Protein chains: 2
Amino acid sequence: MRIVAERAGVAVSSVSRVLSGHEDVSSVMRNRVLDAVAAIGYERDLLAQSLRTGATYSVGFVAIDVANPVIALNAAGAESLFRDAGYGLLISSSGGDPDLDLHYLRHFEQRRVDGMILSLAHENNPDTLALLRQLSTPLALIDRTLPREIPASAVLHDHATGIDAAVADLAGRGHTRFALVNGAPHVRPSKERARALRRAVRAAGGEPVTVKARAYSAEHGYTTTMSFLAARPRPTVLFVGGNQILAGALRALAEEGVRIPEDMEVVTFDKVALSDFLRPPLGFVTRDPRGAGRLAAELLLEQFDGAEPRTVTVPTAYEPAPR
Amino acid sequence: MRIVAERAGVAVSSVSRVLSGHEDVSSVMRNRVLDAVAAIGYERDLLAQSLRTGATYSVGFVAIDVANPVIALNAAGAESLFRDAGYGLLISSSGGDPDLDLHYLRHFEQRRVDGMILSLAHENNPDTLALLRQLSTPLALIDRTLPREIPASAVLHDHATGIDAAVADLAGRGHTRFALVNGAPHVRPSKERARALRRAVRAAGGEPVTVKARAYSAEHGYTTTMSFLAARPRPTVLFVGGNQILAGALRALAEEGVRIPEDMEVVTFDKVALSDFLRPPLGFVTRDPRGAGRLAAELLLEQFDGAEPRTVTVPTAYEPAPR
DNA sequence: GTGAAAGCGCTAACAT
DNA sequence: ATGTTAGCGCTTTCAC
């Protein structure tokens, strides 16, 4: 910038003013500077700018697993908005480990990110909450809830709608014994799905729902499905808490020779690419992950503009298995 | 840091020395400082540090599409290494648009990233190459090639191995007419796959291979598969250039009532989660995307340590369709 | 409307 | 072994 100033024969402060689009600059000045900038091919150093102004134009995404298609779509959705707004998106991947949640929270804090998007591995972890409480960074949660005293925007999925429709369909076909291979226990989606499924099945006059929450992993999907299949009487409807769990669940069902849908109906959360071509035929409770990511970014940008944190609820839907 | 210095009754430079793990510091000094740091809960400002030292401890990933499971796994693999090394990973997503390649290259340059991982949308784009040429940032390519004069490490997949095995298998079953719904034309994987498939089929005495390269999209998968199905005589083996294309290809095959594997064999590139449960039965040419991402990160970290750029080739394998 | 100068928080000479 | 000082590249008073 000093070089630009010299070349244009003006002060660095003037260059800064031009580049920042300040009001009080003569068009003569503006042109001289812009010409020099173009001649040199100069670009402002975002780092120095950040140090001075306090704004880094970067956002951290504390994700439970970037390799999960749903999270990847969240990231892609957010990224597209941030790109247009000039923000950089830092990603992370806790792999379900609450310590990594903390690690990244600290890391992003140290980087002075302007905001964070949070898909925490564990929304009740005391250390995480303590850190969050003393953090003043704008926050946008994706399907997570935090204690009221921690201000944060949130994109919340209305899991009940999709589940209600699914249960209505299946109970209507005479099913009464439902089971749920649930994901990680300490995050909103798992809690909401268990709650909504229990309520819906009770309302439909079914038997108490069996739920087992562990992790978003194929291994949990396999062992837990196996344990459900060993129960007598067996459940006749299996809800599966996401695509990673599904891989294990389908393997277990195949190994045990369970016929679908004759012996058991399977409904899984989230449709990912190619889901249409999965065998056996599955029902889906779907949401729009790219839209959710976009929305989270929007809520964050809103806060950067001075708006108060707010919560937006987005729908889920039921897509019955093909017959 | 000034506050810490005051509290410890020492100079800021001494605090800096302690925190940087410098040699010449007495243990008395060290303890005084560390105590003060602990008491205040102080954390160094990475921004100021970066401005002074020139190192930002951040890496930019110019990705063709973060929502693509293969790329997401690349990112996850790289991220795990960078995390341990204290680096932050900035992601992007060009969606196949070369202009966005450029946008992000500039953006990351402006952010002064210490290095970049590149899965460009277009490896021959003149503007991109021009920018890259005048860039001094360490680079690690993931399955891309650049002109020799642009120094860069690279992780290259040996596509031929998997393809050779696939063609050997299928030619051995009497197939002679092969077609390939290829991805984006100006990137190494597409080029390599077309080249390797043509060579393998020729070597096996088959007919000239039909190839159509457009984009990594379901739409291209659909329309191009349709056009292949309209050809007379029809190809009897369809190679599909990745999971996004596959979605469209399978839809086309289903709509046309093509029986697999009776009427046609289908081999697709990359196994993603749940691929085992896809119907119809598919053959796969597989690679290890997480490993590739990890490797790219390694090559970059290596360069940060002063090593020269180098190229590593990693294998692909063939997994025949289940019978 | 423009320039001079201070300072964001840190590190690296250079003294002592 | 520690303190003093300059400066990374920018923005922002404050004069003029």
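Residue numbers start from 1 in every chain, and the chains themselves are labelled A, B, ... in the order their sequence lines are given, proteins ahead of strands. Fair warning: this is a prediction, and the values are worked out from it, not measured in the lab.
Contact annotation: Q49(B) reaches the phosphate of dT11(C) (side-chain N/O to OP1 or OP2, under 4.0 Å). The side chain of S13(A) places no N or O atom within less than 4.0 Å of a non-bridging phosphate oxygen (OP1 or OP2) of dT11(D). Contact annotation: Y42(A) does not reach the phosphate of dG9(D) (side-chain N/O to OP1 or OP2, under 4.0 Å). Phosphate contact (OP1/OP2 of dT11(C), side-chain N/O of R44(B), threshold under 4.0 Å): present. Contact annotation: S20(A) side-chain N/O to dT11(D) OP1/OP2 distance is under 4.0 Å.
One interatomic measurement links the two molecules: OH of Y57(B) to C1' of dT11(C), which rounds to 13 Å at whole-angstrom precision. Between R2(A) atom CZ and dA6(D) atom C1' there is a gap of 14 Å when expressed in whole angstrom units. With rounding to whole Å, R52(A) atom CZ is found 6 Å from dT12(D) atom P. One interatomic measurement links the two molecules: CG of D24(A) to C1' of dG3(C), which rounds to 14 Å at whole-angstrom precision. Rounded to whole Å, the distance from CG on L47(A) to C1' on dC8(C) is 12 Å. When the P atom of dC10(D) is taken as reference, atom CD of E43(A) falls 11 Å away, rounded to whole Å. What separates CE of M29(B) from P of dG3(D) is a distance of 5 Å, to the nearest Å. Rounding to whole angstrom units, CG of residue D45(A) and C1' of dC8(C) are separated by 13 Å.
Ring pair F82(A)/Y87(A) is tilted by interplanar angle, where 30° to 60° counts as tilted. Using bins of under 30°, 30° to 60° and over 60° for the plane-to-plane angle, the ring pair H103(B)/H107(B) lands in the parallel bin.
With N68(A) as the partner, the side-chain contact (heavy atoms from CB on, under 4.5 Å) test is satisfied by one option alone out of V66(A), V70(A), I64(A): V70(A). Across V18(B), L34(B), V15(B), a single residue satisfies side-chain contact (heavy atoms from CB on, under 4.5 Å) together with V4(B), and that is V15(B).
Side-chain atoms of T128(B) and D101(B) include no donor-acceptor pair closer than 3.5 Å.
If you check distances only, the side chain of R17(A) does reach the base of dG3(C) with a donor-acceptor pair under 3.5 Å.
Closest to the side chain of T53(B), from the set dT11(D), dT11(C), dG3(C), is dT11(C). The nucleotide whose nearest atom lies closest to any side-chain atom of S26(B) is, among dT2(D), dC10(C), dG1(C), dT2(D). Relative to the side chain of S16(A), the nucleotides dT11(D), dG9(D), dT11(C) differ in distance, and dT11(D) lies closest. Taking only side-chain atoms of R112(B), from C-beta outward, the nucleotide of dC10(C), dG9(D), dG3(C) with the closest atom is dG9(D). Of the candidates dG3(C), dG7(D), dT12(D), the closest approach to any side-chain atom of A11(A) belongs to dG3(C).
Closest-nucleotide positions on DNA chain D for A48(B) and V10(B) were compared, and the one nearer the 5' end corresponds to V10(B). DNA chain D is contacted by both S27(B) and V12(B); S27(B) maps to the nucleotide lying nearer its 5′ end (nearest heavy atom per residue).
Panel note: side chain S20(B), backbone S16(B); a donor-acceptor pair is recorded below 3.5 Å.
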